[in-house]
Amino acid sequence: MTRVRFAPSPTGYLHIGGARTFIFNWLHARHQGGVVVLRIDDTDVERNTQTSLDSIYEGLQWLELGWDEFYRQSERLDLHRQAAWAIFEKGLAYRDFTPASATPENPTEGWLFNPGMRELSREESDRRADAGEPFVLRFRVPRDSRPEVVVTDLVYGVVSKATGDLEDFALLRSTGMPTYHMASCADDADLRITDILRGQEHLANTFKHVLIFEALGVEVPRMAHLPLLMAPDGAKLSKRVHGPVVSVTTYRDAGFLPHAFINFLSLVGWSPKNDREKLSRDELVELFSLDGINRSNATINFTDEEPFDPKALWLNAEHLRALDIDDLARQLVPYAHEAGFTNATPEKLRAIAPLIRERIRLLSEVGTVADFFFVEPKGYDPAELIPKKGDAAMAAEALRKSKEVLSTVPAFDHATLDEALRAAAEELSIKAGQMFQPIRVAVCGRKNSPPLFETLEVLGRDTVLTRLDFALGIV
RNA sequence: GGCGCUAUCGUCUAAGGGUUAGGACGGAGCCCUCUCAAGGCUCAAAUACGGGUUCGAAUCCCGUUAGCGCUACCA
């Protein structure tokens, strides 16, 4: 049984890199019919915050992928400590009494261990510990008996590191708290994690982890490291320097569909190798394979002006267009309210949805694309009313004529409107387009809009006539 | 500095010894059209650099350069 885990630490917001790691884990597990474990790696008490934890839940819940088991490392500290001391008992770890301030002597030089501590006798070590002297528990890297540590990564292939280049890393801090390496491996072993998919920044840590797993006497899980997500400036994505664009909730708030967002992220660093781009969640589960994962970092393409990767936008638009009208209308409701359209009822949105479905890339764009369905367009420049190759007089004439026609037309539907308005244009000896533009601007407040007749139909005769009057007054 | 990893159009990627180096987004143009979209068609756009190996290299090897990561009692 495949068991994977996603192990965020609540020291920051859930950003899209973390989300992608979760997605890949989820996809991998579901593809194999396995189990997804969510584990909060909160052993760094100093930096943990509740808001980070909330942000992680919020982001993860929005993805609608779910998980099967849940753990918090802070509730499993005894397990981690027991594991660490088991390693110590086997002689594979030792107490280091060097004060913390003295350890990082010179970070630019290869530090391996603090002098004198490795070879402390068990008796002396116990004695000093009993006397209350603080210490960290360090792993005793077997540099003499073993030339290198070899890992076969499912993405990066065989990678190895000389033990002579591996420092004696800490297992337990002087506070007794486990380090990330210790807690992570003890938990992975205890939770019987079979496949570890995580960011490539952990590739170098993997050698240490292999040593820990071996010391624990457990099988080393399969490893698959994922290429990192970078910002266009070449730096790793970070909330501090790149702003809210890296936060999952930003995508949610802008009106991404969760499965479109998942679709986008799944395609960065991974390829189904069949030129497919728009993929449903089920298709992703079926197609997902570690073979398709890349080894090089990928850049998310955003700018200050456009915070979302154009491809993410396009994919979202694709998924939006694939939604059925009722579903789309339902999803639009909160965004219409957010835009300030207090009169945006589900019924009205249901009527508008077909008109904007192919014109929005984000659900929030209902606010800019469909505004005139909810508020009177009055701020436009009267010059906009003037049709191409026409003048103000032509605009006024077209407006007057359309008012006359629209107030008497027998039905207010597409076919009737189409026929009546075209006939009116002919009567005035102007082109249909010259007839339509003043109406469009009067009714929508701008030159770009959904198709005119459908728009008029949704707006209704009274509203349309009122707006034509207003336009006539300013033209 | 040491160690590890990586390098194909602007971006995401396919091709893993033999292809006119393919697709997608974005860009440009044309068509469709009541505007805007959507849709259709077309075009521009890449194997980091230098050496090998080979009949043949984007692909294998070495070097250079660049980027990223690790080098903590952070994760």
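Letters A, B, ... are given to chains in the order of the sequence lines, protein chains preceding strands, and every chain is numbered from 1.
Taking the six-membered ring where the residue is Trp, the centroids of A:Phe256 and A:Phe264 are separated by 6.0 Å or more.
The salt bridge (charged side-chain N to carboxylate O under 4.0 Å, His left out) test with A:Glu167 is passed by exactly one of A:Arg140, A:Arg138, A:Lys208: A:Lys208.
B:rG67 and B:rU8: their P atoms are spaced 15 Å apart (whole Å). Nucleotides B:rA44 and B:rG10 are separated by 12 Å at their C1' atoms, to the nearest Å. The gap from the P atom of B:rC30 to that of B:rA21 amounts to 29 Å, rounded to the nearest Å. Between B:rC3 and B:rG63, the two P atoms lie 12 Å apart (nearest whole Å). Comparing B:rU53 with B:rC62, their C1' atoms are spaced 11 Å from each other, to the whole Å. For the P atoms, the distance linking B:rU54 with B:rA46 amounts to 31 Å, nearest Å. B:rG27 sits 12 Å from B:rC9 when the C1' atoms are compared, rounded to a whole Å. Across B:rU64 and B:rU19, the matching C1' atoms stand 30 Å from one another, rounded to whole Å.
The residue A:Arg359 sits close to a base: some heavy atom pair falls under 4.0 Å. Residue contacts shown for A:Lys431 are absent, as no nucleic acid heavy atom lies under 4.0 Å away. Within the 4.0 angstrom heavy-atom criterion, no nucleotide atom of any strand lies near A:Asp418. Base engagement by A:Ser449 is indicated by at least one non-hydrogen atom pair under 4.0 Å involving a base atom. Residue A:Gln73 is classed as having no contact, given no heavy-atom separation below 4.0 Å to the nucleic acid. Within 4.0 Å of A:Pro227, counting heavy atoms only, lies no atom of the nucleic acid at all. At a threshold of 4.0 angstrom between heavy atoms, the contacts of A:Met230 are confined to the sugar-phosphate backbone, with no base atom among them. At the heavy-atom level, A:Ser160 lies under 4.0 Å from the strands shown only through sugar-phosphate atoms. A:Arg446 comes within 4.0 angstrom of no nucleic acid atom, judged by non-hydrogen atoms across all strands. Among the protein residues, A:Phe453 comes within range of the nucleic acid bases, having at least one heavy atom under 4.0 Å from a base atom.
Closest contact between the side chain of A:Asn448 and the listed nucleotides B:rA14, B:rC12, B:rC36 involves B:rC36. Set against B:rC12, B:rG2, B:rC25, the side chain of A:Asp165 has B:rG2 as its closest nucleotide. When the nucleotides B:rC73, B:rC70, B:rC34 are ranked by their closest atom to the side chain of A:Glu201, B:rC70 comes out on top. Among the nucleotides B:rA38, B:rA75, B:rC73, the one closest to any side-chain atom of A:Tyr180 is B:rA75. The side chain of A:His414 lies closest to B:rC34 when the candidates are B:rG69, B:rU13, B:rC34. Side-chain atoms of A:Trp314 lie closest to B:rG26 of the nucleotides B:rG26, B:rG4, B:rA75. Between B:rA14, B:rA75, B:rG10, one nucleotide has an atom nearer to the side chain of A:Asn301 than all others, and that is B:rG10. Relative to the side chain of A:Arg321, the nucleotides B:rC68, B:rA72, B:rA38 differ in distance, and B:rA38 lies closest. When each of B:rC73, B:rC68, B:rA38 is scored by its nearest atom to the side-chain atoms of A:Asn297, the top-ranked nucleotide is B:rC68.
Nucleotide B:rA48 is matched to B:rU64 when pairs are restricted to Watson-Crick or G-U wobble geometry with both distances under 3.5 angstrom. In this structure, B:rU53 makes no Watson-Crick or G-U wobble pair, since no nucleotide meets both defining distances under 3.5 angstrom. Taking a pair to require two hydrogen-bonding distances under 3.5 Å in either a Watson-Crick or a G-U wobble arrangement, B:rA14 remains unpaired. Taking a pair to require two hydrogen-bonding distances under 3.5 Å in either a Watson-Crick or a G-U wobble arrangement, B:rG27 pairs with B:rC43. Pair check for B:rC3 finds B:rG69; Watson-Crick or G-U wobble, both atom distances under 3.5 Å.
No side-chain donor-acceptor contact under 3.5 Å links A:Thr163 and A:Arg146. In this model, a donor atom of one side chain and an acceptor atom of the other lie less than 3.5 Å apart for A:Asp96 and A:Asn114. Using modelled atom types and a 3.5 Å distance limit, the side chains of A:Gln82 and A:Asp78 yield no donor-acceptor pair. The closest side-chain donor-acceptor pair between A:Ser296 and A:Asn294, if any, does not fall under 3.5 angstrom.
Rounded to a whole Å, the CG atom of A:Leu226 is 16 Å from the C1' atom of B:rA75. Distance NE2 (A:His209) to P (B:rC70): 12 Å, rounded to an integer number of Å. As a whole-Å value, the separation of A:Glu365 CD from B:rA38 P is 11 Å. Atom CD of A:Glu277 and atom C1' of B:rG22 are 12 Å apart (whole Å). Separating the CG atom of A:Asp275 from the C1' atom of B:rA21 is a distance of 13 Å, rounded to the nearest angstrom. As a whole-Å value, the separation of A:Arg47 CZ from B:rC74 P is 9 Å. Between the C1' atom of B:rU6 and the CG atom of A:Asp153 lies a distance of 13 Å, rounded to the nearest Å. In this structure, A:Glu454 atom CD and B:rU33 atom C1' are separated by 13 Å, rounded to whole Å.
Between A:Trp270 and A:Phe24, the angle of the ring planes goes over 60°, which puts this pair in the perpendicular group of the 30/60° scheme. Using the six-membered ring where Trp is involved, A:His242 and A:Phe302 have ring planes that are perpendicular, over 60° apart on the 30 and 60° scheme.
For B:rG39, the base has no donor-acceptor partner in the side chain of A:Glu358 [N/O atoms by modelled type, under 3.5 angstrom]. On a pure distance criterion of 3.5 Å, a polar donor-acceptor pair joins the side chain of A:Lys311 and the base of B:rA24. A donor-acceptor contact under 3.5 Å is formed by the side chain of A:Arg440 with the base of B:rC34. Side-chain N/O atoms of A:Asn205 and base N/O atoms of B:rA75 include a donor-acceptor pair closer than 3.5 Å.
Residue order along RNA chain B, read from the 5' end via each residue's closest nucleotide, puts A:Trp270 first among A:Trp270 and A:Ile360.
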